[in-house]
Amino acid sequence: MRTALNYAFFILIERMTSFFLLPLLTRSLTEADYVIWTQSVIVTGVLTPISLLGLQTAIIKYLPVWRFGSATSNSCLFSIHLVIFGLLALVATVFLCLPGTMTGLVYGKVLHPLAIAVCFVGLLAGEVLFEILVAILRANGQITACAQYLLLKGLLRIGAFLFVLHIFRGGFIQAFAAVAATSLLMSLVLYVRHLSVIIIARAGIALSRPYWHEVLGFALPLVVMSFLIGANNSIDRVFMVHTCDPRQVASYMAAYSIISVSAIFYSTLGFTLFPALAQFWAIQDKSAASEIMAKAVKLYLLLVIPFIAGIAVSGQEVFALLTPKNYSVSTSVMLLLGCSIGLFGIFQICLYIILLAFGSTTFLPILSTLVLLNVGLNAYLVPAYGPIGAATSIFTSNLIMSIAAIVMARSALHLTLPWDALFRIVFYASLMAFFIFVAKVFIPEHGTLGLFFILLFSGCAFLAISFIDKSIGLRSLIR
């Protein structure tokens, strides 16, 4: 868990930087421009794993077998890059040849579709290169370097955006272009630093041919899975872009950005949990796998439940502090989004066991069914109820998905759910939420600084109680 904590430290800084710079973005951009920027990040997140064909995960699995730096390794990496660059070129060609159609599909009606398409392609290319590099570093155990580069990428992206808008006094298109160029340039510089690019380019494909069938057989089903997961998590905003007014869409996306800070909990655990589980699975030590899985689940619940409780009683105030006055969203929407992201984290943690025990195809029928259900729910609820309909749709889909993942994971691994710890965490989180509510009532003029200290004190008190309570065992979880 210490490796996870080191990773979490840098990622927390990056997420908090993005979190506190949200007011600058929402106040610097029009509602339409903010929707374009947020939707660009979302769609890039969906298209990146598709452009990678799941080969970034194959790198993590097979690079130790190929022995990084060997002739076989260089040949395999060359072949992987050749495939990925070819697919990326195809995506870029479609966007640049049909800018009006593609930007209309992603954003709705926009001005300057060609310029937006160019920026989007640049952003996507930078993300694809960065993900390949992170996979190579992760396979070599350089987790801290991955976290540092993720932090650097986030800071450079936001820095370029704000520099163009506030120092250079440029428009949104120029800012978007600066972000895309900065991301791409950073990825290229890191490539040159960590990889012997010329040696890999000269390696050719001959030595990699014996591995093609095995690698693609493992990777390609992950593309479908990544697409379905990405589609499930973004369908709500796609429907809102095409059916709701820009103010509702911008407010919903701002709320989602605030709530998505909690994704750091499952992403941090997963970054180190999957390699550890894979090692135990390879030597058939399922008892050790069960033990580390139980710790990960308990630690995740310990982090996400108080976050959701805090959103329930203070989400509206946090939203008002970070967004312009014309942005508005209900507590119900924020609570549903918080619960849906929390449930997705449970699915993500259980998915590692499913992949190891059943492979990358077993869960696909369930995911496909859930995506269709999510589309149906959004098609009915979003036009009728707007943001609350979108939040209800994603919550319902993620609830069913997490339950299915828990059932499948428990069928493969003897995993005792920590019911006693769960009840105690919920109880302590409820007390924390009650304290926040009472404190705000008795200190009506608390202001921003007062709210910060109320939340800080409540969170620290919750962690202290969790540290003392042996049934939760926070001390043992972080060892």
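Reckoned from all heavy atoms, side chains included, excluding hydrogens, waters and symmetry mates.
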Value rounded to 0.5 Å, distance of CG in L431 from CD1 in I465
7.0 Å
For S79, which residues count as a side chain to side chain donor-acceptor pair (under 3.5 Å) partner, sequence neighbours excluded?
S208
Side-chain heavy-atom pair S51, V91 within 4.5 angstrom cut-off
yes
Any side chain to side chain donor-acceptor pair (under 3.5 Å) pairs touching residues 222-232, not counting sequence neighbours?
N232-N374, N232-S397, N232-N398
Let me have the donor-acceptor pairs involving side chains of residues 363-370, under 3.5 Å, with sequence neighbours excluded, atom names and distances please.
| from | atom 1 | to | atom 2 | distance (Å) |
| --- | --- | --- | --- | --- |
| S368 | OG | L364 | O | 2.9 |
| T369 | OG1 | P365 | O | 2.9 |

Just by distance, do the side chain of S290 and the backbone of K286 share a donor-acceptor pair under 3.5 Å?
no
Applying side-chain contact (heavy atoms from CB on, under 4.5 Å), can you list everything that pairs with L185, at least two apart in sequence or on another chain?
V189
By side-chain contact (heavy atoms from CB on, under 4.5 Å), L355 pairs with (sequence neighbours left out) L222, M225, L351, S360
Apply side chain to side chain contact (heavy atoms under 4.5 Å, CB included) to the pair T392 and Y385, showing each step before the final yes or no.
CA-CA 10 Å; T392 301; Y385 301 102; over 6 Å; no
Quick one, H194 with I136, criterion side chain to side chain contact (heavy atoms under 4.5 Å, CB included). Give me CA distance, side-chain angles, the key distance, then yes/no.
CA-CA 9 Å; H194 285 280; I136 294 171; over 6 Å; no
With a cut-off of 3.5 Å and sequence neighbours excluded, list every side-chain donor-acceptor pair involving residues 336-349.
| from | atom 1 | to | atom 2 | distance (Å) |
| --- | --- | --- | --- | --- |
| S340 | OG | L336 | O | 3.3 |
| S340 | OG | L337 | O | 2.8 |

Show, in sequence, the C-alpha distance, side-chain angles and deciding distance for L301 and V297, and conclude whether the side chain to side chain contact (heavy atoms under 4.5 Å, CB included) test is met.
CA-CA 6 Å; L301 294 174; V297 171; 4.1 Å; yes
So, does S314 use its side chain to make a donor-acceptor pair with the main chain of E317 at under 3.5 Å?
no
When L124 is tested against each of L88, L184, L129 for side chain to side chain contact (heavy atoms under 4.5 Å, CB included), which residue passes?
L88
Closest non-hydrogen atom pair, S393 against G389:
OG-O, 2.9 Å
Measuring only between side-chain heavy atoms, which start at C-beta, is F130 closer than 4.5 Å to L190?
yes
Hits for side chain to side chain donor-acceptor pair (under 3.5 Å) against Y252, two or more places apart or cross-chain, chain-then-number order -> D236
Of the non-hydrogen atoms in T182 and A160, which two are nearest, and what is the gap between them?
OG1-CB, 3.6 Å
Just wondering, do S251 and T323 contact through their side chains at under 4.5 Å, heavy atoms?
no
Check whether any side-chain heavy atom of Y149 sits under 4.5 Å from a side-chain heavy atom of L137, and report yes or no.
yes
Counterpart residues, side chain to side chain donor-acceptor pair (under 3.5 Å), relative to Y191 (two or more places apart):
H81
What's the shortest heavy-atom distance between L303 and F265, and which atoms?
O-CE1, 3.6 Å
Using only atom types and a distance under 3.5 Å, with no angle test, would you say the side chain of S75 pairs donor to acceptor with the backbone of A71?
no
Non-neighbouring partners of E127 that pass side chain to side chain donor-acceptor pair (under 3.5 Å), sequence neighbours left out
K153, R157
Do the non-hydrogen side-chain atoms of L220 and V224 ever get within less than 4.5 Å of each other?
no
State, to 0.1 Å, how close G126 and S187 come at their nearest heavy-atom pair, and which atoms those are.
O-OG, 3.0 Å
Any side-chain heavy atom of L47 sitting closer than 4.5 Å to one from F120?
yes
Considering non-hydrogen atoms only, spot the tightest contact between A255 and M334 and give its length.
CB-CG, 4.4 Å
Does the side chain of T362 come within less than 4.5 Å of M408's, by heavy atoms?
yes
I need the F462 CZ to I305 CD1 distance, nearest 0.5 Å.
7.5 Å
Sequence neighbours excluded, the answer for side-chain contact (heavy atoms from CB on, under 4.5 Å) partners of V241 is V35, Q39, V249, M253
Quick one: sort the F319 and Y327 rings into parallel, tilted or perpendicular, breaks at 30° and 60°.
tilted
Could you grab the distance from atom OG of S430 to atom CD1 of I425, nearest 0.5 Å is fine?
11.5 Å
Could you tell me which non-hydrogen atom of M432 sits nearest to which non-hydrogen atom of G310, and how far apart they are?
CE-N, 4.0 Å
Roughly how far, to the nearest 0.5 Å, is CG of L377 from CG of L372?
11.0 Å
CG of L228 to CE of M401, rounded to nearest 0.5 Å, is 10.5 Å
Quick one: does M186's side chain get under 4.5 Å of L156's, heavy atoms only?
yes
To the nearest 0.5 Å, how far apart are CD in E131 and CD1 in I84?
10.5 Å
Which residue in the set L87, L77, V83 passes side chain to side chain contact (heavy atoms under 4.5 Å, CB included) when paired with L55?
V83
ring-ring contact (aromatic ring centres under 6.0 Å, His included) partners for F435, two or more places apart
F457
Among all residues two or more places apart in sequence or in another chain, which pass the side-chain contact (heavy atoms from CB on, under 4.5 Å) test with A412?
I353, A357, F358
